[in-house]
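Below you'll find the structure, written out as structure tokens, and then a few comments.
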Amino acid sequence: MLTIALLALLCASASANDIQARASSYNGEYGGGGGERFSHSGYQLEGPITAIRVRVNRYYIVGLQVRYGKVWSDYVGGTQGDLEEIFLHPGESVIQVSGKYKYYLRKLVFVTDKGRYLPFGKDTGTSFNAVPLYPNTVLRFISGRAGALINAIGLHWDDYPSDCSSC
């Protein structure tokens, strides 16, 4: 009897730890069809998001590049349009992403935990608003589909990396 009670307590404790440890979530894909798949999942190992480059033209988000820690991801998308670049302050994180799309991505707005609002693109199309499922989590990496333009974007959330003293 004591063995069964001990086993039940051990299982309940393990389940509670599994629930508490879960922090990752995903929003998306927002956009249209087509394009080649991309993912920055490996770059999150370099550290938190520290800067964002977005190429825009008159109508669309053309390309994306994200800096993780001190390493820039591969650029995805096309080459036509103006390149805009935003650097996050040390310790600052993206906690919300909204935007618009119609066939392709048209607008992206990154909101940080320091209250900054970082808009790119044109305000037209179907709206989306993405936030993490779990509290105190931040944007860790992006994925999606791209060709000559950004077809679609996915947003991946998790805990801020605890081992990033140099970011």
Side-chain angles (χ1 to χ4, degrees), residues 22-89 92-161 164 167:
R22 176 133 192 184
S24 62
S25 60
Y26 172 77
N27 300 114
E29 244 176 25
Y30 302 106
E36 295 289 321
R37 291 204 172 279
F38 72 87
S39 175
H40 289 173
S41 63
Y43 287 103
Q44 70 178 319
L45 301 175
E46 300 293 338
I49 293 173
T50 55
I52 302 166
R53 289 179 179 153
V54 179
R55 186 175 301 277
V56 298
N57 68 16
R58 274 181 68 189
Y59 304 106
Y60 301 109
I61 303 292
V62 176
L64 291 169
Q65 188 175 30
V66 179
R67 192 173 81 167
Y68 298 86
K70 296 180 179 182
V71 177
W72 284 99
S73 69
D74 293 333
Y75 178 84
V76 294
T79 58
Q80 302 298 311
D82 298 323
L83 187 63
E84 301 176 20
E85 182 176 80
I86 298 287
F87 284 85
L88 299 182
H89 299 293
E92 185 176 27
S93 298
V94 175
I95 58 168
Q96 177 182 356
V97 180
S98 60
K100 297 198 175 209
Y101 64 91
K102 183 176 182 180
Y103 308 117
Y104 302 98
L105 206 55
R106 291 182 172 227
K107 181 175 182 121
L108 281 173
V109 179
F110 297 92
V111 179
T112 76
D113 57 353
K114 305 294 186 201
R116 290 205 298 161
Y117 173 88
L118 312 169
F120 301 93
K122 306 300 178 213
D123 199 16
T124 180
T126 302
S127 297
F128 70 87
N129 186 47
V131 294
L133 181 60
Y134 299 101
N136 304 315
T137 57
V138 300
L139 184 65
R140 289 304 312 277
F141 70 94
I142 64 169
S143 62
R145 290 177 284 110
L149 301 167
I150 300 299
N151 297 71
I153 192 168
L155 306 152
H156 302 260
W157 311 90
D158 208 338
D159 291 322
Y160 188 88
C164 193
C167 299

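Heavy atoms only: backbone and side chains are in, while hydrogens, waters and symmetry mates are out. Here, residue 1 is the first one in the sequence, and each next residue gets the next number.
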Tyr75 OH: over 12 foreign heavy atoms closer than 6.0 Å: yes

OG/Ser127 to OH/Tyr30 distance, rounded to the nearest 0.5 angstrom? 11.5 Å

Where Phe141 and Gln44 come nearest, the two heavy atoms and their spacing: CE2-NE2, 3.4 Å

Any side-chain heavy atom of Arg53 sitting closer than 4.5 Å to one from Leu83? yes

Is it the case that the side chain of Ser25 and the backbone of Leu133 share a donor-acceptor pair, with hydrogens and angles ignored and the cut-off at 3.5 Å? yes

Return the minimal non-hydrogen interatomic distance between Ala152 and Phe38, and the atom names on each side. O-CE2, 4.2 Å

Would you please classify the geometry between the Phe120 ring and the Phe110 ring as parallel, tilted or perpendicular, with 30° and 60° separating the classes? perpendicular

More than 12 heavy atoms of other residues, nucleotides or ligands under 6.0 Å from CG of Asn136: is that the case? no

Would you say the side-chain atoms of Gln65 pair up with the backbone N or O of Ser73, donor to acceptor, closer than 3.5 Å? yes

To the nearest 0.5 Å, what is the distance between CG on Leu118 and CD on Glu84? 11.0 Å

Give the minimum heavy-atom separation between His156 and Tyr26, together with the two atoms involved. CE1-CD1, 3.2 Å

Salt-bridge criterion met for Glu92 and Arg116 (N-O under 4.0 Å): yes

Report the C-alpha distance between Gln80 and Asn57 in whole Å, list the side-chain angles of each, state the deciding distance to 0.1 Å, and finish with yes or no for side-chain contact (heavy atoms from CB on, under 4.5 Å). CA-CA 7 Å; Gln80 302 298 311; Asn57 68 16; 5.5 Å; no

Do Leu149 and Ile61 come close enough that some side-chain heavy atom pair is under 4.5 Å? no

Where Ser93 and Leu88 come nearest, the two heavy atoms and their spacing: CA-CD1, 4.5 Å

Taking the side chain as every heavy atom from C-beta outward, state whether Val109 and Tyr117 have any atom pair closer than 4.5 Å. yes

With a 6.0 Å cut-off (strictly less than), is the heavy-atom count around OH of Tyr60, excluding the residue itself, greater than 12? yes

May I ask you to decide whether Asp123 forms a salt bridge with Lys100, counting only side-chain N to carboxylate O separations under 4.0 Å? yes

Is Arg145 salt-bridged to Glu29, cutoff N-O under 4.0 Å? yes

Judged by atom type as modelled, is there a donor-acceptor pair below 3.5 Å linking the side chain of Arg140 to the main-chain atoms of Asp159? yes

Atom pair OH/CD1 of Tyr68 and Ile142 - distance to nearest 0.5 Å: 5.0 Å

Looking at every heavy atom in both Pro161 and Gly47, which two are closest together, and how far apart are they? CG-C, 4.2 Å

With under 30° as parallel and over 60° as perpendicular, where do the rings of His40 and Tyr43 fit, or are they tilted in between? perpendicular

Under a 4.5 Å cut-off applied to non-hydrogen side-chain atoms, are Val138 and Val94 in contact? no

Given Phe128 and Leu108, is the side-chain contact (heavy atoms from CB on, under 4.5 Å) satisfied, shown in steps? CA-CA 9 Å; Phe128 70 87; Leu108 281 173; 4.0 Å; yes

Given side-chain contact (heavy atoms from CB on, under 4.5 Å), test Leu139 with Leu155 step by step and report yes or no. CA-CA 7 Å; Leu139 184 65; Leu155 306 152; 3.9 Å; yes

Do Val97 and Val111 have side-chain heavy atoms sitting under 4.5 Å apart? no

For Asn27 and Trp157, run side-chain contact (heavy atoms from CB on, under 4.5 Å): C-alpha distance rounded to whole Å, both residues' side-chain angles, the deciding distance at 0.1 Å, then the answer. CA-CA 8 Å; Asn27 300 114; Trp157 311 90; 2.5 Å; yes

Does any non-hydrogen side-chain atom of Tyr104 lie less than 4.5 Å from one of Val62? no

Kindly compute the distance separating CZ (Arg55) from CG (Asp82), expressed to the nearest 0.5 Å. 8.0 Å

Can you tell me which residue among Thr112, Asn129, Asp113 is in a side chain to side chain donor-acceptor pair (under 3.5 Å) with Gln96? Asn129

Any side-chain heavy-atom pair of Lys107 and Tyr101 under 4.5 Å: no

Where Ile95 and Thr137 come nearest, the two heavy atoms and their spacing: CG2-O, 4.4 Å

